[in-house]
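From a predicted model like this one, the values you see are computed outputs, not experimental measurements. Excluded from the calculations below are hydrogen atoms, water molecules and symmetry mates; all remaining heavy atoms, backbone and side chain alike, are included. All ligand and atom numbering here is 1-based and tracks the order in the structure.
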Amino acid sequence: MAALTRVSGSVGLISLLNPPVNALSAAVRQGIVDTVRRAVSDPQVKSVVICGQNGVFCGGADIKEFGGHMSGPPLVPIFNTIEAADKPVVAAIEGSALGGGLELALACHYRITQSKARLGLPEVSLGLLPAAGGTQRLPRLIGVPAALDLITTGRHLTGAEALKLGIVDQVTDQNTVEAAVKFALSIVGQSLESRRISTLPCPCPADIDAFFEGVMQRVKKSAHGAIAPVACVQAVQAAATLPFTQGMQREQELMATLFGSGQARALQYCFFSQRVVSKWSSPSGSRWDTSKPKPVTKVGVIGLGTMGRGITVALALAGLSVVAVETQQQQMMAAQHAVSGMLERTARRRGVSLVGDQIRYSVELEAVADVELVIEAVFEDMALKEKLFKQLSTLCKADTLLCSNTSSLDIDHLASQTHSPQLVVGMHFFAPAHVMKLLEVVYGPRSAPQAVATAMELGKRMGKVSVAVGNCSGFVGNRMLMPYVEEASFLVEEGASPEIVDRALEEFGFPMGVFRMSDLSGLDVGWKVRKARGLVEPGQMSRVRQGRRYSPLGDLLCEQGRFGQKTGRGWYLYDSAGSREAQPDPWLQSFLEEYRARQGLVSRRIDSQEVLERCLYALINEGFNILQEGIAAGPEDIDMIYVFGYGFPRHRGGPMFYASQVGLAQVLQRLEHYQQLHPDIPHLRPSSLLRRLVSSGSPRIQRWREIIRMPHSSL
Ligand SMILES: CCCCCCC/C=C/C(=O)SCCNC(=O)CCNC(=O)[C@H](O)C(C)(C)COP(=O)(O)OP(=O)(O)OC[C@H]1O[C@@H](n2cnc3c(N)ncnc32)[C@H](O)[C@@H]1OP(=O)(O)O
């Protein structure tokens with residue numbers, strides 16, 4: 001798990017070996033202990049280089065070990081021993097040095113890195129902190145503000161950026177290990193005093209108390225209830241104010257609190273779930289490992305409204321050639337201008353350079369005749385899309401994949417308009433499409449495995465978390481959103497205010513409650529969908545439609561021209577159209593009072609527990625229905641959709657993981673309770689899969705797929 005060889009006569013080369021990322025498993029840690037001891041005591045070894053085999057330095061502690069009993073030597077004493085060695089130790093960083101991997105490098109006396117290597121302390125995204133000395137060594141090396149930025153965000157740096165910050169001593173584009181060995185030979189005999197980071201003073205801002213107060217306020221605000229970023233600040237504060245040994249003690253105490261927390265479990269579940277969803281499968285038996293994606297270099301985007309523009313930017317940033325089509329000349333010009341601006345801003349933010357001329361604009365549909373894949377992003381109007389798919393099927397090459405960005409329309413129906421329905425899949429992006437990480441790839445019963453594989457791969461190239469899901473109204477994300485949003489409206493009918501509902505959801509960790517979110521995206525969006533479903537009865541207040549409870553509140557607001565932020569009024573009041581500062585609206589309060597009176601509803605006090613239970617359990621219950629129907633292959637798919645597309649707090653793991661933590665029996669019992677009180681709300685009727693899981697003893701979430709697949713009686 002770690003090997004020691006002697007190279008160039010006097011350099012002890014320690015290679016970590018634990019593919020694919022040389023994670024610091026118990027065996028690797030033991031390997032480091034043994035090889036360092038041998039290298040230090042071997043008189044023929046004058047200096048040491050630590051590297052990882054197979055082009056990766058080290059991906060950090062072995063996250064798989066976190067769930068079980070930790071054995072093997074701990075990291076902190078190993079790193080202290082390396083730092084204390086009286087022979088120079090050089091880290092040769094290729095690929096990645098992340099988490100414990102970077103902490104290992106910080107314990108070395110010198111660091112040499114490949115320019116493209118990724119370095120960072122991403123523990124915060126696993127609900128932890130860099131507890132192998134990272135919070136104490138990094139601030140001493142690069143100063144408190146820069147260290148705080150890296151530790152609280154977990155962001156990765158390239159080797160070149162790390163050099164600028166002073167984290168590494170040299171960057172090379174040549175063979176990193178060879179460069180490190182050469183360097184190690186050149187420094188034999190030099191003093192190591194100034195190279196032991198733990199002995200350095202911590203460069204601090206002038207008014208340290210005020211500085212940390214400000215940082216803490218900012219971090220708490222953006223953490224939305226996550227505890228790890230706050231602990232990271234506390235640990236760095238200890239580095240700034242305490243001697244190294246005491247700082248290390250504080251780091252360990254904070255880590256102990258985080259390590260056992262539900263948030264760390266949820267975030268580590270997210271880490272693995274993100275990888276599980278890339279290994280997609282469909283009920284027809286097609287799978288990620290047996291389906292080869294088709295190579296794609298040129299993509300057509302049709303419709304350059306908000307979504308089409310974002311998709312064009314995402315494709316161009318991924319290095320693809322794009323043919324962007326908008327049939328109205330004026331709109332095309334406006335789109336071209338907007339896309340250029342978005343591209344420039346995003347490229348600047350990401351620090352990447354743009355390759356010119358990647359996008360060709362056209363007002364002719366025929367311009368997409370030679371692309372390998374088309375993404376349609378026109379209005380959500382089935383007749384328009386039907387016509388377009390018929391045209392595309394005729395004018396594109398026979399093997400061109402035809403994808404729709406529809407957020408709810410029937411993919412099978414669109415496929416049936418074409419000569420090759422097997423080449424049609426949904427690619428449902430989320431606004432803004434060049435920013436949001438989620439992509440729902442929607443397959444129908446006729447979609448070819450290669451079509452699904454190609455859309456998934458394209459999503460990956462754009463840096464998306466792509467999740468393959470089956471075709472149904474609203475797919476996974478929007479289908480689950482319906483009961484969530486409806487419950488929120490029912491709660492308002494029963495006596496809650498939009499502020500009470502939103503506050504409960506925001507305290508839970510959503511960046512925005514349901515009503516603020518609705519105001520942001522536009523109340524007319526849902527209105528249009530409800531109209532298409534035949535639910536809207538203009539001017540009517542009836543609360544039963546299509547045989548079930550219905551809240552006309554959203555429709556009534558739209559009829560008043562209250563579309564949310566864009567009109568300056570919606571569920572809240574805004575200073576002006578387009579403003580983002582939501583204020584409670586006295587008009588809405590009187591409107592609701594009058595509405596309740598006319599409906600004969602007696603307003604009651606609704607607390608945050610009821611808000612959370614009714615909104616979240618309704619959403620979760622629909623998730624169980626989706627799993628039962630095979631629309632999503634497993635709970636991880638649903639959770640990643642909600643975390644990456646709908647702002648579900650990541651530190652809660654996603655709705656299905658959250659349900660598993662609350663306890664399935666508890667979720668079932670509360671749904672039964674609310675269903676008894678509201679028998680006219682079908683989405684509160686517990687899913688039979690939920691009942692089945694509870695009667696199977698509420699197994700761990702990792703076992704749900706197994707239970708879902710088991711044959712069962714539907715009685
Ligand atoms: C109290 C005791 C604990 C003390 C701890 C002290 C403090 C230290 C803490 C840590 O170090 S926590 C870990 C920090 N490191 C990370 O968060 C890095 C996580 N990994 C990645 O970001 C990426 O995997 C990568 C290294 C950038 C490589 O990306 P790539 O896209 O090339 O591959 P992936 O598909 O992501 O991964 C391949 C494969 O490897 C598994 N894996 C990756 N990292 C780890 C890890 N640190 N531990 C265990 N396994 C890891 C990943 O799950 C994939 O597995 P499969 O899906 O193929 O099974």
Colleague: For atom 36 (O) of ligand 1, find the nearest protein heavy atom and state the residue, atom name and distance (0.1 Å precision).
Modeller: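 Checked against all protein heavy atoms, atom 36 (O) of ligand 1 sits closest to R275 NE, 2.8 Å.
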Colleague: Within a distance of under 4.0 Å, is there any protein heavy atom near atom 58 (O) of ligand 1?
Modeller: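 Within 4.0 Å: yes, protein heavy atom nearby.
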Colleague: With side chains defined as the heavy atoms from C-beta onward, is the minimum distance between I167 and L102 less than 4.5 Å?
Modeller: yes
Colleague: Inspect the contact between R137 and E83 and indicate whether a charged nitrogen and a carboxylate oxygen are less than 4.0 angstrom apart.
Modeller: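 Salt bridge present between E83 and R137.
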Colleague: Indicate yes or no: does E65 engage R29 in a salt bridge with an N to O separation below 4.0 Å.
Modeller: yes
Colleague: Considering heavy atoms of the protein only, find what lies nearest to atom 22 (O) of ligand 1 and give residue, atom and distance to 0.1 Å.
Modeller: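 Nearest protein contact, heavy atoms only, for atom 22 (O) of ligand 1 is L98 CD1, 3.8 Å.
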Colleague: Taking NZ, NE, NH1 and NH2 as the nitrogens, is one of them in E161 or K164 under 4.0 Å from a carboxylate oxygen of the other?
Modeller: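 So E161 does not pair with K164 through a salt bridge.
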Colleague: Checking a contact table here: which protein heavy atom is nearest atom 19 (C) of ligand 1, and how many Å away?
Modeller: F271 CE1, 3.5 Å
Colleague: Decide whether Q136 and S198 meet the rule of one side-chain donor and one side-chain acceptor closer than 3.5 Å.
Modeller: no
Colleague: Just so I know, are the side chains of V36 and V89 near enough to count as touching, which here means a heavy-atom distance under 4.5 Å?
Modeller: no
Colleague: Suppose we measure from atom 42 (N) of ligand 1 to each protein heavy atom; which comes out shortest, and what is that distance?
Modeller: V21 CG2, 4.0 Å
Colleague: What atoms of ligand 1 come within less than 4.0 Å of a heavy atom belonging to M70?
Modeller: 2 (C), 3 (C)
Colleague: Geometry only, no angles: is K279 polar-contacting ligand 1 at N/O separations under 3.5 Å?
Modeller: yes
Colleague: Please check whether A61 reaches ligand 1 - meaning an N/O of the residue sits under 3.5 Å from an N/O of the ligand, judged on distance alone.
Modeller: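 For ligand 1, there is an N or O atom that lies under 3.5 Å from one belonging to A61.
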Colleague: In terms of residue, atom name and distance, what is the protein heavy atom nearest to atom 12 (S) of ligand 1?
Modeller: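 Checking every protein heavy atom, the shortest distance to atom 12 (S) of ligand 1 gives L126 CD1, 3.7 Å.
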Colleague: Give a yes or no on whether a salt bridge exists between E636 and R705, defined as a side-chain N under 4.0 angstrom from a carboxylate O.
Modeller: yes
Colleague: When you check the side-chain N and O atoms of T454 and E457, is any donor under 3.5 Å from an acceptor?
Modeller: no
Colleague: Going by atom types alone, do T135 and E251 pair a side-chain donor with an acceptor below 3.5 Å?
Modeller: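 Indeed, the side chains of T135 and E251 share at least one donor-acceptor pair under 3.5 Å.
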Colleague: Taking the minimum heavy-atom distance to atom 7 (C) of ligand 1, which of G99, P20, A131, P122 ranks first?
Modeller: A131
Colleague: Among all the protein's non-hydrogen atoms, which is closest to atom 48 (N) of ligand 1, and how far away is it?
Modeller: I63 N, 2.9 Å
Colleague: Counting both backbone and side chain atoms, is some N or O of G59 under 3.5 Å from an N or O of ligand 1?
Modeller: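 Indeed, backbone or side chain, G59 has an N or O that close.
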Colleague: From atom 40 (O) of ligand 1, is the closest protein heavy-atom distance below 4.0 Å?
Modeller: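 When distances to the protein are checked, atom 40 (O) of ligand 1 has a heavy atom within 4.0 Å.
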Colleague: Enumerate the atoms of ligand 1 whose separation from the nearest heavy atom of G60 is less than 4.0 angstrom.
Modeller: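 Selected atoms, number and element: 11 (O).
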Colleague: Quick check on L128 - does any of its heavy atoms sit under 4.0 Å from an atom of ligand 1?
Modeller: no
Colleague: Quick one: nearest non-hydrogen protein atom to atom 50 (N) of ligand 1, plus distance?
Modeller: K64 NZ, 3.6 Å
Colleague: Do D289 and R287 sit within salt-bridge range, that is, some charged N less than 4.0 Å from a carboxylate O?
Modeller: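 Salt bridge present between D289 and R287.
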Colleague: Show me which atoms of ligand 1 lie under 4.0 Å from any heavy atom of E103.
Modeller: 7 (C), 8 (C)
Colleague: Among all protein non-hydrogen atoms, which one is nearest to atom 32 (O) of ligand 1, and what is the separation to 0.1 Å?
Modeller: R118 NH2, 4.7 Å
Colleague: Within the structure, does G100 bring an N/O atom to less than 3.5 angstrom of an N/O atom in ligand 1?
Modeller: yes
Colleague: Check this for me: does any side-chain nitrogen of one of D639 and R652 sit under 4.0 Å from a carboxylate oxygen of the other?
Modeller: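 Judged by the 4.0 Å cut-off on N to carboxylate O distance, D639 and R652 do not form a salt bridge.
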Colleague: Side chains of S286 and S282: any donor to acceptor distance under 3.5 Å?
Modeller: yes
